[in-house]
**Student:** 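Here it is: the structure, laid out below.
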2 protein chains.
Amino acid sequence: MEPGVPPSLSSRRPPDTGAAASPDSRPQTAARDALRGISWLGQVPADTIEALAAHAVLHQVPAGSLLFDQAETPVFAQFLLAGSIELLGVRGRAETLIELLTPFDMVIPAAVISARPYLMRARVYEAAHLLLIPAQTFRDAVARDHALCAVVLGCLTAQFRRQVRQEKNLKLRSAEERVGCFIASLLGDAEAAVTIRLPMEKYLIASQLGMTRETFSRALSAMARFGIVVRGESVHVDDATAARAHFPFDPLIDGFEPITSLHDRRA
Amino acid sequence: MEPGVPPSLSSRRPPDTGAAASPDSRPQTAARDALRGISWLGQVPADTIEALAAHAVLHQVPAGSLLFDQAETPVFAQFLLAGSIELLGVRGRAETLIELLTPFDMVIPAAVISARPYLMRARVYEAAHLLLIPAQTFRDAVARDHALCAVVLGCLTAQFRRQVRQEKNLKLRSAEERVGCFIASLLGDAEAAVTIRLPMEKYLIASQLGMTRETFSRALSAMARFGIVVRGESVHVDDATAARAHFPFDPLIDGFEPITSLHDRRA
DNA sequence: GCGGCGAATTGATCTGAATCAACGCAGCGC
DNA sequence: GCGCTGCGTTGATTCAGATCAATTCGCCGC
């Protein structure tokens, strides 16, 4: 049933074996610096950051690894620092991609916060760099620190809205339109003829757009009608303005969804 | 493109005209009682409840009304006290149902919290009873009161997880399976033959299950194979246990998703 | 050079569900 | 009574996109 299931079906390596962390002479320092690097945690006071860092572990995970499976109970709160992670709904053998996470995001905070079983499988797409904090430690910190609670709320808000956007894209546009809009989104504000490069392998893009490789390939060919010619990973567009006109940007579907905090918009 | 668009296409009555509220000699008292009636707000201290109630308005809205449209900026935080509300993704003429809200839930807190445009249209399904709080008042209260922040986080968490469940149901099951599982969920723990009643009109169920009336009707006929016979709004099941076996309950899709607060599971 | 392998392309076919269309059958107003 | 209108059923048709199958391309190791 499912488009885009990567071939390497995971060298099962649950992070539960916290031991395998990258060795560091002062691990807490590294963890603290990593947390500091997440800009949307900026509002969180230093002592809470320290408390989290004290129990944190940094982890590198190769592509294809299973981070956790659905029905498992969250053991760690996880921050994605690099790479990407696919979140999949699973039923028997069938998998369906629900979302693709990129830095700097949390891995399903909804399950961690509610201390209930994951509803999705998480598999590493591109080799990832994670920061792990024991789930209970994290929940305690959220319960104690209002500022942390507020930024987690902001993070979850962004994830919710991204999911709505994704669902609208899938249900309101045809496969060809999705491809066209995806290409259009790569054009930036170019005016005339441009040649750009696909940002990743095609089967990867296909699964993000919710279709099979074959359908994606056919849709790309069909783009020729609009002066969009794809050869290999390079995309030549005769007239960027015209292309955008055919596949108009919809801010309520395609727009970027930043993680914001309550306090950001007080001003 | 869309299943289940109700006929009465909204007697546009935006709540922005806060005036139309139900008259009450002591409106704040009524609002406070309403807020007290929302059990998941239990953790929130009395003075915050009072502050919210002071600016709150109670509102009754008939079926079919448009609460707000996508792209609008939230004016009120809204609590659904009775009735139901459909949340729709819209593109041009096409609508697609994303979620159906029931009491006691907030109406897209994600947009209110982030102070960004709604991504969905909200239309009243069954005549609704709402409590409105000016958006900025609500955001300020969340920014000031940690407990309120925590329960809103819990509310949003539940909504996120419900949406994941819904998406899995749609993408991992066929139309017929969805219908079967829906029927099975109505059986409770009956063992042998039972006759039950459909909880609402069929076209309504169809749209909740993400299909057209026609497809739903055909699927119901097909249920006869499994000893499930529908006539009018009554459903006769020959063997409830067998029916459940054909359409097994999946706790990661069908399960109920309660609104929980961080503090609930401290014990 | 060769062989092998996964990604990509292309074509043929299949299928689930939407769409289109016609009709039965309630309830309601007059 | 009449006709209306909205729900529900049933049948025929269409269609987008998945699936199946066959090839080609590009890349890597040797």
Side-chain angles (χ1 to χ4, degrees), chain A residues 1-9 63-64 91 93-97 125-126 169-180 182-183 197-224 228-235, chain B residues 1-10 63-64 91 93-97 125-126 169-182 197-225 228-235:
Chain A
M1 127 128 242
E2 181 42 23
V5 178
S8 54
L9 229 187
R91 182 183 174 226
R93 314 206 105 279
E95 283 183 340
T96 185
L97 185 133
Y125 225 45
E126 302 164 288
N169 197 24
L170 286 180
K171 300 222 282 186
L172 293 172
R173 283 184 180 150
S174 70
E176 192 175 310
E177 284 176 305
R178 272 173 274 151
V179 172
F182 176 78
I183 301 281
R197 204 143 281 275
L198 292 177
M200 43 192 150
E201 277 149 313
K202 287 183 182 166
Y203 76 90
L204 234 151
I205 301 173
S207 92
Q208 267 190 73
L209 297 179
M211 66 191 77
T212 58
R213 267 171 304 186
E214 295 96 320
T215 301
F216 182 62
S217 182
R218 278 184 253 271
L220 282 182
S221 313
M223 294 289 106
I228 300 173
V229 181
V230 182
R231 232 187 349 199
E233 63 175 358
S234 84
V235 182
Chain B
M1 126 122 241
E2 180 43 23
V5 179
S8 54
L9 229 187
S10 83
R91 183 183 171 225
R93 314 204 104 278
E95 283 184 341
T96 186
L97 184 134
Y125 225 44
E126 302 164 287
N169 197 24
L170 285 179
K171 301 222 282 184
L172 293 172
R173 295 214 263 233
S174 70
E176 191 175 309
E177 284 176 304
R178 272 173 275 152
V179 172
C181 291
F182 176 78
R197 205 142 279 276
L198 291 177
M200 42 192 151
E201 277 149 311
K202 288 183 183 167
Y203 75 90
L204 234 150
I205 302 174
S207 92
Q208 269 190 69
L209 297 178
M211 66 190 76
T212 59
R213 269 171 306 180
E214 293 97 321
T215 300
F216 181 61
S217 182
R218 280 184 251 272
L220 282 183
S221 314
M223 294 288 107
R225 285 190 286 138
I228 300 172
V229 181
V230 182
R231 232 188 350 197
E233 63 176 0
S234 84
V235 182

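Only a predicted model underlies this, so the values are computations on that prediction, with no experimental measurement involved. Quick note on labels: first sequence line is chain A, next is B, and so on, each numbered from 1.
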**Student:** List the residues meeting salt bridge (Lys or Arg N to Asp or Glu O under 4.0 Å) with B:E233, not counting sequence neighbours, and say none if there are none.
**Tutor:** B:R197
**Student:** Mark yes or no for a side-chain to base donor-acceptor pair under 3.5 Å between A:R218 and C:dG11, with no hydrogen or angle criteria applied.
**Tutor:** yes
**Student:** Rounded to whole angstroms, how far apart are CZ on A:R231 and P on C:dA7?
**Tutor:** 22 Å
**Student:** Can you figure out which of C:dA17, D:dG17, D:dA21 approaches the side chain of A:E214 most closely?
**Tutor:** D:dA21
**Student:** Measure the shortest side-chain to side-chain distance between A:V179 and A:L220 over non-hydrogen atoms and say whether it is less than 4.5 angstrom.
**Tutor:** yes
**Student:** How many Å lie between CZ on B:F216 and C1' on C:dT19, as a whole number?
**Tutor:** 19 Å
**Student:** Atom CG of B:L198 to atom C1' of D:dG8: distance rounded to whole Å?
**Tutor:** 12 Å
**Student:** Please examine the side chains of A:T212 and A:Y203, heavy atoms only from C-beta on, and report whether any two atoms are closer than 4.5 Å.
**Tutor:** no
**Student:** For B:R91, give me all partners under salt bridge (Lys or Arg N to Asp or Glu O under 4.0 Å), at least two apart in sequence or on another chain.
**Tutor:** A:E177
**Student:** Can you measure A:R173 atom CZ to D:dG17 atom C1' for me and round it to whole angstrom units?
**Tutor:** 18 Å
**Student:** Which nucleotide in the set D:dT9, D:dA18, C:dA17 lies at the smallest distance from any side-chain heavy atom of A:T212?
**Tutor:** D:dA18
**Student:** Could you state the NZ-P distance from A:K171 to D:dG17, rounded to the nearest angstrom?
**Tutor:** 15 Å
**Student:** Report yes if the side chains of A:Y125 and A:S207 come closer than 4.5 Å at any heavy-atom pair, otherwise no.
**Tutor:** yes
**Student:** Would you say A:R178 reaches D:dG17's phosphate, i.e. side-chain N/O to OP1/OP2 under 4.0 Å?
**Tutor:** yes
**Student:** For B:M211 and D:dG8, give me the distance from atom CE to atom C1', rounded to whole Å.
**Tutor:** 16 Å
**Student:** For a quick test of reading the model: is some side-chain N or O of A:S221 closer than 4.0 Å to OP1 or OP2 of C:dT10?
**Tutor:** yes
**Student:** To the nearest Å, give me how far apart CD (A:E233) and P (C:dT9) are.
**Tutor:** 12 Å
**Student:** For C:dA17, does OP1 or OP2 lie under 4.0 Å from any side-chain N or O of B:T215?
**Tutor:** no
**Student:** I want to verify a distance call: between C:dA8, D:dC7, D:dT9, whose nearest atom is closest to the B:Y203 side chain?
**Tutor:** D:dC7
**Student:** Within this structure, what is the CG-to-P distance between A:L172 and D:dA16, rounded to whole angstrom?
**Tutor:** 16 Å
**Student:** Write out a two-atom table: protein N or O, nucleotide N or O from nucleotides 24-27 of chain D, distance below 3.5 Å.
**Tutor:**
none

**Student:** Tell me, do B:R178 and B:T215 make a side-chain contact under 4.5 Å, heavy atoms counted?
**Tutor:** no
**Student:** State, with a plain yes or no, whether a side-chain heavy atom of A:E95 is found less than 4.5 Å away from one of B:L172.
**Tutor:** no
